[in-house]
Number of protein chains: 2
Amino acid sequence: MSRPVIQIPDNSKPEIDWTTGADQKTMAIHQLLDYFNSFLPLDEEEASAVVNAFHPRRIKRRQFILHEGDICTHNTFVVEGCFRMYLIDEKGKEHNLQFAVENWWIGDIGSFHTEQPSRLYIVAMEDSIVLQIRKGDQLRLFEDHPKFNRIFGVFTENALVAAQRRILQNISSTAEERYLDFLDRYPQLFNRISNVQIASFLGVTPEFLSTIRKKISRS
Amino acid sequence: MSRPVIQIPDNSKPEIDWTTGADQKTMAIHQLLDYFNSFLPLDEEEASAVVNAFHPRRIKRRQFILHEGDICTHNTFVVEGCFRMYLIDEKGKEHNLQFAVENWWIGDIGSFHTEQPSRLYIVAMEDSIVLQIRKGDQLRLFEDHPKFNRIFGVFTENALVAAQRRILQNISSTAEERYLDFLDRYPQLFNRISNVQIASFLGVTPEFLSTIRKKISRS
DNA sequence: ATGCTTTCTTAAGATACCTTAAGGGTGGCT
DNA sequence: AGCCACCCTTAAGGTATCTTAAGAAAGCAT
């Protein structure tokens with residue numbers, strides 16, 4: 001029954017063969033530069049500082065880029081692919097704090113900033129390509145080119161607004177409302193991520209999400 | 001070094017009589033400068049920029065400093081007193097997103113940044129004294145004195161980390177665990193704020209919080 | 001003091017959500 | 001092809017939390 005039809009046209013996917021040369025870094029970096037430019041246009045110097053500061057990396061499905069106990073030393077920009085960041089509680093259950101797909105950032109900001117061990121895991125849910133910047137390089141970027149202070153400041157603010165929104169929803173809405181809002185808000189995610197993971201993000205069991213979906217499909 | 005040159009009235013009592021002259025602004029501002037200095041020491045110029053940019057204001061209990069539909073035009077530093085920021089849902093129920101007491105910031109960052117009408121209310125729970133800065137003045141402060149970019153960046157990051165922590169707790173913990181954590185985490189708040197408000201912050205009804213408290217007291 | 005509002009509590013019945021268990025479907029791997 | 005891992009669903013019974021209602025205690029206003 002009305003399971004949402006999954007058709008991902010693959011033609012949009014820039015198939016990147018990492019082995020064929022230096023172009024891949026160029027392509028990935030270009031995507032990041034476009035992204036920065038959409039916030040505040042960069043001049044040549046700033047753009048080349050970005051090129052120098054970020055390093056590309058291929059991540060295989062199920063590969064971790066952060067593990068509990070590690071210090072989060074990199075800030076990560078997703079060029080292609082899909083990640084989730086989660087916590088494992090005392091009972092051994094996973095709870096998804098965040099997803100990240102193309103043009104999203106991911107990392108444990110707390111650990112990155114304080115340099116204390118993280119309690120979080122970040123794992124690739126698909127084969128992925130990322131650009132990473134080390135903390136020291138990011139600080140240098142901020143000092144040498146103050147514009148990045150502003151840009152990253154806006155990212156953090158946006159993340160905070162989204163987090164506050166989610167808190168309000170968690171304390172005021174039912175799981176069904178949260179699920180409907182998720183579908184509305186993240187159309188790029190819901191046909192790409194398993195319901196198990198979405199349930200964990202919403203804070204319900206997969207079984208209960210299933211009954212919610214059944215109820216919705218009857219409407 | 002940098003302790004800004006601001007006259008401190010010898011009177012160490014926090015009792016502020018607004019009518020007796022200009023000292024009150026001095027005292028309030030001094031508290032804010034101390035606060036900034038505890039993050040990054042300010043030089044004289046920066047300190048005097050703060051003095052010029054922030055305006056003191058007395059807020060009476062039950063008085064609003066932000067109302068749904070308003071655009072949040074100020075960033076607010078609490079010198080003395082206590083506030084809560086909340087949302088009213090479709091059913092007319094209030095849900096507390098945040099509290100703020102001495103040396104905390106409060107405001108609807110989303111509305112402040114986008115200049116769109118807010119959906120939130122901010123109200124004083126006690127007679128209070130605040131220092132406010134207008135958005136334009138804050139931007140000017142950032143431009144003229146880049147250090148404030150960093151300082152406010154740290155504030156925002158800390159707020160984001162706290163918000164993420166709360167999300168994880170909401171999706172992984174029971175109400176009792178959340179309440180115990182609240183007591184642990186905000187000892188300055190729990191004997192100052194009514195249980196009705198705490199319940200609304202935790203996302204439970206006051207009745208249920210009452211049964212939680214009863215259960216805890218029996219241990 | 002008298003009343004009015006707010007707070008906290010208690011309890012009974014309802015609803016949201018979880019746990020456990022089971023079965024079927026799909027895709028990857030050999 | 002066959003097996004295995006993972007995902008999705010369904011259902012029964014349990015727990016967490018809400019709703020409604022009521023009453024007692026504490027603060028605030030007239």
Side-chain angles (χ1 to χ4, degrees), chain A residues 1-8 10 60-63 82 84 86 89-96 99 123-127 169-183 189-218, chain B residues 60-63 82 84 86 89-96 123-127 169-183 189-218:
Chain A
M1 67 181 72
S2 63
R3 161 129 183 61
V5 184
I6 304 180
Q7 288 172 348
I8 313 176
D10 236 33
K60 281 229 168 273
R61 186 167 139 93
R62 284 172 227 263
Q63 186 180 339
C82 182
R84 68 189 176 99
Y86 64 94
D89 69 17
E90 330 77 54
K91 291 170 205 141
K93 290 198 177 157
E94 299 180 1
H95 302 276
N96 286 336
F99 298 121
V123 67
M125 300 168 76
E126 305 171 359
D127 290 352
Q169 224 180 220
N170 281 335
I171 67 180
S172 71
S173 299
T174 174
E176 179 177 344
E177 291 164 337
R178 264 144 48 211
Y179 177 62
L180 288 171
D181 184 71
F182 180 88
L183 297 185
L189 296 187
F190 81 90
N191 55 0
R192 188 168 171 180
I193 291 176
S194 79
N195 288 322
V196 175
Q197 300 306 335
I198 293 176
S200 166
F201 180 87
L202 297 175
V204 298
T205 59
E207 294 86 353
F208 189 54
L209 179 55
S210 185
T211 78
I212 289 172
R213 285 159 51 78
K214 184 180 175 187
K215 185 183 164 204
I216 289 172
S217 73
R218 279 196 316 249
Chain B
K60 281 230 169 273
R61 186 167 137 94
R62 283 170 227 264
Q63 186 181 338
C82 183
R84 68 188 177 101
Y86 63 94
D89 69 18
E90 330 76 56
K91 291 169 206 142
K93 291 199 175 159
E94 300 180 1
H95 302 277
N96 287 335
V123 68
M125 300 168 75
E126 305 172 358
D127 291 352
Q169 223 180 221
N170 280 336
I171 66 179
S172 71
S173 300
T174 175
E176 179 177 344
E177 291 165 337
R178 263 143 52 208
Y179 177 62
L180 289 171
D181 184 72
F182 180 88
L183 297 185
L189 296 187
F190 81 89
N191 53 3
R192 189 168 170 180
I193 292 177
S194 79
N195 288 322
V196 175
Q197 300 305 335
I198 293 176
S200 165
F201 179 87
L202 296 177
V204 298
T205 59
E207 294 85 353
F208 188 54
L209 178 55
S210 185
T211 78
I212 289 172
R213 285 159 52 78
K214 184 180 175 189
K215 185 183 164 204
I216 290 173
S217 71
R218 280 196 316 248

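Source: prediction; values computed, not measured. Throughout, protein chains are lettered first and strands after them, A, B, ... in sequence-line order, and every chain is numbered starting at 1. Only this structure's heavy atoms are used, side chains among them; waters, hydrogens and symmetry mates stay out.
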How many whole angstroms separate atom [atom1] of [X] from atom [atom2] of [N]?
X: A:Glu94; N: D:dC6; atom1: CD; atom2: C1'; result: 14 Å
X: B:Phe208; N: C:dA14; atom1: CZ; atom2: P; result: 18 Å
X: A:Met125; N: D:dC6; atom1: CE; atom2: C1'; result: 13 Å
X: A:Ile212; N: D:dC8; atom1: CD1; atom2: C1'; result: 14 Å
X: B:Leu202; N: D:dC18; atom1: CG; atom2: P; result: 10 Å
X: A:Asn170; N: C:dA16; atom1: CG; atom2: C1'; result: 15 Å
X: B:Arg218; N: C:dT10; atom1: CZ; atom2: P; result: 9 Å
X: A:Lys91; N: C:dC18; atom1: NZ; atom2: P; result: 11 Å

Do [X] and [Y] have side-chain heavy atoms sitting under 4.5 Å apart?
X: A:Tyr179; Y: A:Val204; answer: no
X: B:Arg84; Y: B:Ile193; answer: no
X: A:Glu207; Y: A:Thr211; answer: no

Among the candidates [options], find the nucleotide nearest to the side-chain atoms of [X].
X: A:Thr174; options: C:dC18, C:dA16, D:dC18; answer: C:dA16
X: A:Asn195; options: D:dT9, C:dA16, D:dT17; answer: D:dT9
X: A:Arg62; options: D:dC6, D:dC8, D:dT17; answer: D:dC6

Classify the nucleic acid contact of [X] as base, sugar-phosphate or nothing, counting any heavy atom under 4.0 Å across all strands shown.
X: B:Ser210; result: base
X: A:Glu207; result: base
X: B:Ser194; result: sugar-phosphate
X: A:Lys93; result: sugar-phosphate

Taking 4.0 Å as the cut-off, does a side-chain nitrogen or oxygen of [X] come that near to OP1 or OP2 on [N]?
X: A:Arg213; N: D:dT9; answer: yes
X: A:Lys214; N: D:dA11; answer: yes
X: A:Thr205; N: C:dC18; answer: yes

For nucleotides 26-30 of chain C, give me every protein contact, N/O to N/O, under 3.5 Å, one pair per line with atom names.
none

So, does [X] use its side chain to make a donor-acceptor pair with the main chain of [Y] at under 3.5 Å?
X: A:Arg178; Y: A:Gln169; value: no
X: B:Thr174; Y: B:Glu177; value: no
X: B:Asn96; Y: B:Ser200; value: no
X: A:Gln197; Y: A:Ser194; value: no

Starting at the 5' end of DNA chain C, which residue's closest nucleotide do you reach first, A:Glu176 or B:Pro206?
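First, find each residue's nearest nucleotide; the 5'-ward one identifies B:Pro206.
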Measuring from A:Glu90:CD to B:Ser172:OG, what's the distance to the nearest 0.5 Å?
7.0 Å
Take A:Thr211 and B:Val204, find for each the nucleotide of DNA chain D with the closest heavy atom, and name the residue whose nucleotide sits nearer the 5' end.
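Checking each residue's closest nucleotide, the 5'-ward one belongs to A:Thr211.
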